[in-house]
Novice: 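Sharing a structure below in structure tokens format, with a few things to ask.
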Amino acid sequence: MSSQPKAAHFSAWQRWTEGPRLNHASLIETLDGGQAFRWARYPDYLEGRWSDQVFRIKVAPGSSDLLEYSVPVSPEPTHALNALKHYFACAVDFAHHTDCLPWRSDPVLTTAIQAFPGLRILRQPFAECLFSFLCSSTKQIPQIKAIHEIVATTLGSQLPDGSHRLPTWPQIAAAGEAPLRAAKLGYRARYIYQTAEYIATAGTDWLREVEAMPTELARAELLRLPGVGRKIADCVLLFGAGRLDAFPIDTWVEKILTRAYQLEGWKLPQLQQFANAHFGPLSGYAQQYLFAAARAGKIAS
DNA sequence: GCACAGGTAGATT
DNA sequence: AATCTACCTGTG
């Protein structure tokens, strides 16, 4: 075959002194807890990719919650640290946002926050985030990650370290539905290909414009895409556009709301309204705490 | 073999 | 307008 992945050489570990402070559990949950699907866990670090970036990240050994990162050694100058800051949404004061959540009157939320202190909402590339969650319906996280690897390897451009990035939407449109089927996407392959066609027709700036729209308008635009319903639209807005007021309700969150908040029998639109009213304008951030805590068995679900 | 998994869209009631 | 059901594939 054409090109084997090279054994990439990584830089020495750099202390990210201005970066967010996260303990091990919260770091893992942030990067590999269902927001993003291109992180792999190794004994001493996580390795992941987005856009044309490749990073290894860990909590500094022995230190309290300070992060360290390492990148593939490259002959080209790199803007890696700026990319990392953007990905971690370092301009966002999550500590303040956490304090603004209604935990004082909500013991479930308090428990969830205590389980994953400092948990963050990533700011992923909008286009990649849309792809990711189009892959996600009725799939478990390990499967979604496996699909991402296949699609990146077969359709995405090669990076300097020999691995591959996710394909762009024009690349997906050009490739057609067949390679998506081959990536085990099943019925999602048609949605993804049709979405690629839609984006191609709508023009090159459409995604960028949608990302910049107010949340409700952006959601309405995303809902025009085949395969994108309310849940996927809200995931893209939350994890790919920094909209902390977007509250995706999946089967986990539905169970949390019905059981821990005793809302048995409520339908999705009602639960959506409850979430907005109860958790407020940062409801999406609350959702991530609850989702993480439920998966960890810390709260009823 | 069969139910179920980070849903959505189209059909049916 | 609310409630089924088909859609792919891997896993238990």
Side-chain angles (χ1 to χ4, degrees), chain A residues 28-39 112 116 119 121-122 124 128-151 154 166 172 176-199 219-241 243-244 246-260 263-273 275 283-301:
Chain A
I28 288 180
E29 191 61 28
T30 295
L31 294 177
D32 198 31
Q35 295 191 50
F37 302 99
R38 294 212 69 197
W39 288 90
F116 294 98
L119 183 73
I121 304 294
L122 298 171
Q124 301 179 248
E128 290 188 354
C129 200
L130 173 60
F131 171 80
S132 289
F133 285 93
L134 274 168
C135 297
S136 71
S137 72
T138 59
K139 282 275 182 205
Q140 297 177 120
I141 291 174
Q143 290 178 57
I144 302 169
K145 290 169 68 171
I147 288 168
H148 276 58
E149 283 319 296
I150 297 173
V151 171
T154 56
L166 287 174
I172 294 172
E177 183 179 327
L180 299 172
R181 290 271 171 184
K184 305 177 180 180
L185 274 157
Y187 64 85
R188 302 158 197 81
R190 179 163 38 88
Y191 291 148
I192 292 170
Y193 176 63
Q194 288 176 342
T195 286
E197 287 189 307
Y198 183 103
I199 292 170
R219 180 185 293 119
E221 288 300 310
L222 289 172
L223 288 174
R224 303 163 79 94
L225 299 171
V228 176
R230 177 65 189 249
K231 189 270 174 184
I232 290 178
D234 280 352
C235 282
V236 176
L237 291 169
L238 180 59
F239 306 130
R243 306 311 171 88
L244 302 184
F247 189 93
I249 301 182
D250 58 33
T251 54
W252 282 92
V253 174
E254 184 179 2
K255 285 176 185 171
I256 295 165
L257 292 177
T258 56
R259 296 182 192 175
L263 303 176
E264 291 89 353
W266 290 42
K267 301 304 170 190
L268 244 41
Q270 299 175 295
L271 293 174
Q272 196 82 59
Q273 278 204 329
S283 58
Y285 190 28
Q287 177 272 167
Q288 203 57 30
Y289 274 121
L290 295 172
F291 179 77
R295 291 202 320 135
K298 306 285 188 182
I299 61 176
S301 61

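Keep in mind that the numbers below use all heavy atoms, side chains included, and drop hydrogens, waters and symmetry copies. Everything quoted here is computed from the prediction, not taken from an experiment. Protein chains get the first letters and strands the later ones, always in sequence-line order, with residue 1 at the start of each.
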Novice: Report the distance from atom CD of Gln270(A) to atom P of dA2(C), rounded to the nearest whole Å.
Specialist: 9 Å
Novice: Would you say dC8(C) has OP1 or OP2 under 4.0 Å from some side-chain N or O of Arg181(A)?
Specialist: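 Yes, such a contact exists.
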Novice: Give a yes or no on whether Lys145(A) atom NZ has more than 12 heavy-atom contacts from other residues, nucleotides or ligands under 6.0 Å away.
Specialist: yes
Novice: Verify the contact: side-chain N or O of Lys184(A) to OP1 or OP2 of dG10(C), cut-off strictly under 4.0 Å; return yes or no.
Specialist: yes
Novice: Does CD belonging to Gln273(A) count more than 12 external heavy atoms closer than 6.0 Å?
Specialist: no
Novice: Between dG7(B), dC7(C), dT3(C), which nucleotide gets closest to the side-chain atoms of Arg190(A)?
Specialist: dC7(C)
Novice: Rounding to a whole Å, what distance do you find between Tyr198(A):OH and dA9(B):P?
Specialist: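 For the pair Tyr198(A) OH and dA9(B) P, the rounded distance is 13 Å.
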Novice: With heavy atoms under 4.0 Å as the rule, sort Gln194(A) into base, sugar-phosphate or nothing.
Specialist: nothing
Novice: Look at the aromatic rings of Tyr187(A) and Tyr191(A) and report parallel, tilted or perpendicular, splitting at 30° and 60°.
Specialist: perpendicular
Novice: Whole-Å distance between dC8(C) C1' and Gln143(A) CD?
Specialist: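 Rounded to the whole Å, the gap is 10 Å.
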Novice: Once the angle between the rings of Phe133(A) and Phe37(A) is folded into 0 to 90°, is it parallel (under 30°), tilted (30 to 60°) or perpendicular (over 60°)?
Specialist: perpendicular
Novice: Between dA9(B) atom P and Arg224(A) atom CZ, what is the distance in whole Å?
Specialist: 13 Å
Novice: Specify the separation, in whole Å, of atom OH of Tyr193(A) and atom C1' of dT8(B).
Specialist: 20 Å
Novice: Given dT3(C), dT9(C), dT8(B), identify the nucleotide with an atom nearest to the side chain of Lys231(A).
Specialist: dT8(B)
Novice: Is Tyr187(A) stacked on the base of dC8(C), with ring centres under 5.5 Å apart and planes under 30° apart?
Specialist: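 Here Tyr187(A) fails the 5.5 Å or the 30° condition.
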Novice: Give me the distance, rounded to whole Å, that separates dC8(C) from dA11(B) when you measure between the P atoms they each carry.
Specialist: 15 Å
Novice: Can you measure Ile147(A) atom CD1 to dT11(C) atom P for me and round it to whole angstrom units?
Specialist: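 My rounded result for the distance is 11 Å.
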Novice: Of the options dT3(C), dT9(C), dG7(B), whose atoms approach the side-chain atoms of Lys267(A) most closely?
Specialist: dT3(C)
Novice: Could you tell me the separation between the CD1 atom of Ile141(A) and the C1' atom of dA5(B), rounded to a whole number of Å?
Specialist: 11 Å
Novice: When all nucleic acid strands are considered with a 4.0 Å heavy-atom cut-off, which category describes Gly34(A): base, sugar-phosphate, or nothing?
Specialist: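 Base contact.
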Novice: If the test is side chain to side chain contact (heavy atoms under 4.5 Å, CB included), which one of Ile249(A), Thr251(A), Leu263(A), Ile299(A) qualifies with Ile256(A)?
Specialist: Ile299(A)
Novice: Assign Leu225(A) to base, sugar-phosphate, or nothing according to its heavy-atom contacts below 4.0 angstrom with the strands shown.
Specialist: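 Sugar-phosphate contact only.
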Novice: Could you state the atom-to-atom distance from CZ of Arg188(A) to C1' of dA9(B) in whole Å?
Specialist: 14 Å
Novice: Heavy atoms under 4.0 Å, any strand shown: does Glu254(A) hit a base, just sugar-phosphate, or nothing?
Specialist: nothing
Novice: Reading DNA chain B from 5' onward, which residue's closest nucleotide shows up sooner: Val228(A) or Pro248(A)?
Specialist: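 Residue closer to the 5' terminus by nearest nucleotide: Pro248(A).
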Novice: Suppose we define a pair by two distances each less than 3.5 Å, Watson-Crick or G-U wobble; what does dC8(C) pair with here?
Specialist: none
Novice: Check every atom of dT9(C), dA5(B), dG7(B) against the side chain of Lys255(A) and return the nucleotide holding the closest atom.
Specialist: dA5(B)
Novice: Evaluate side chain to side chain donor-acceptor pair (under 3.5 Å) for Gln194(A) paired with Tyr198(A), printing each intermediate quantity in order.
Specialist: CA-CA 6 Å; Gln194(A) 288 176 342; Tyr198(A) 183 103; over 6 Å; no
